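Note that the structure is predicted; figures quoted are calculated from it, not measured.
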Amino acid sequence: MNSPKQPLPTFDEVLLCTPQTSAEQVGLFLRRCLIPCPGGAKIYTMLYADELSYDVSCKAEELFQRLQCYNSSYRLIILCNCERENSYLPSAFSHCKVHMIPQRPRVEIQQYLQQHFRVAQPSGTAAAVFKEHMCVGIVSSKRAGMGK
């Protein structure tokens, strides 16, 4: 986000982890990150890695240890919930831990996201529903089950 022109991450650069994420999914993601290929230096991000099961986490760490020798300039970010930092994968990579504090003001981050999520011509898309023709939005309610 150093420049408003920088694009958002693509689908292959992000892995959203859940307790159901398989070792195969994590393996494919780590191979994309750690095996060098032409196409530029992408930044790969595992979100909620603390949600992975113990078995998947063990396999992920083992695969990471085997593959990191192929690429010394990989760019991998593993984001975890700070309340679950004692789960397997965050503990395994604790020597690399960095507490992240946003470097940009909230307004600047919001403007960056608005620029990249705005639909130019909202013709019959969900963007016509959301504020300022955004292609994403958050719908919430203080009362559960109210038809969101």
request  = Evaluate whether atom CD of Gln65 has more than 12 neighbouring non-hydrogen atoms of other residues, nucleotides or ligands under 6.0 angstrom away.
outcome  = yes

For [X] and [Y], indicate whether the former's side chain and the latter's backbone hold a donor-acceptor pair under 3.5 Å.
{"X": "Arg84", "Y": "Asp50", "result": "yes"}
{"X": "Ser94", "Y": "Pro90", "result": "no"}
{"X": "Ser91", "Y": "Asn86", "result": "yes"}
{"X": "Arg32", "Y": "Asp12", "result": "yes"}
{"X": "Glu51", "Y": "Tyr48", "result": "no"}

State the [atom1]-[atom2] distance between [X] and [Y], to the nearest 0.5 angstrom.
{"X": "Leu8", "Y": "Gln115", "atom1": "CG", "atom2": "CD", "value": "9.0 Å"}
{"X": "Leu113", "Y": "Glu108", "atom1": "CG", "atom2": "CD", "value": "11.5 Å"}
{"X": "Leu15", "Y": "Ile78", "atom1": "CG", "atom2": "CD1", "value": "10.5 Å"}
{"X": "Leu16", "Y": "Leu79", "atom1": "CG", "atom2": "CG", "value": "10.5 Å"}
{"X": "Cys33", "Y": "Leu67", "atom1": "SG", "atom2": "CG", "value": "9.5 Å"}
{"X": "Thr45", "Y": "Phe29", "atom1": "OG1", "atom2": "CZ", "value": "6.5 Å"}

query = Looking at side-chain heavy atoms only, is the closest gap between Leu76 and Leu30 below 4.5 Å?
reply = yes

query = After noting the C-alpha distance and the side-chain angles of Asn71 and Tyr74, does the key distance pass the side-chain contact (heavy atoms from CB on, under 4.5 Å) rule?
reply = CA-CA 6 Å; Asn71 186 357; Tyr74 65 89; 3.9 Å; yes

Least distance between heavy atoms, [X] atom then [Y] atom:
{"X": "Glu13", "Y": "Lys42", "value": "OE2-CB, 3.2 Å"}
{"X": "Gln25", "Y": "Ser22", "value": "OE1-N, 2.8 Å"}
{"X": "Gly27", "Y": "Leu63", "value": "CA-CD2, 3.4 Å"}

query = Among Arg31, Glu61, Lys59, Met46, which one satisfies side-chain contact (heavy atoms from CB on, under 4.5 Å) with Val26?
reply = Met46

task = Would you tell me whether Ser57 and Asp55 have side-chain atoms, one donor and one acceptor, within less than 3.5 Å of each other?
result = no

ask   = Could you walk me through whether Val107 and Ile109 pass the side-chain contact (heavy atoms from CB on, under 4.5 Å) check?
value = CA-CA 5 Å; Val107 173; Ile109 293 170; over 6 Å; no

query = Is it true that Phe64 and Phe93 have ring centroids separated by less than 6.0 Å?
reply = yes

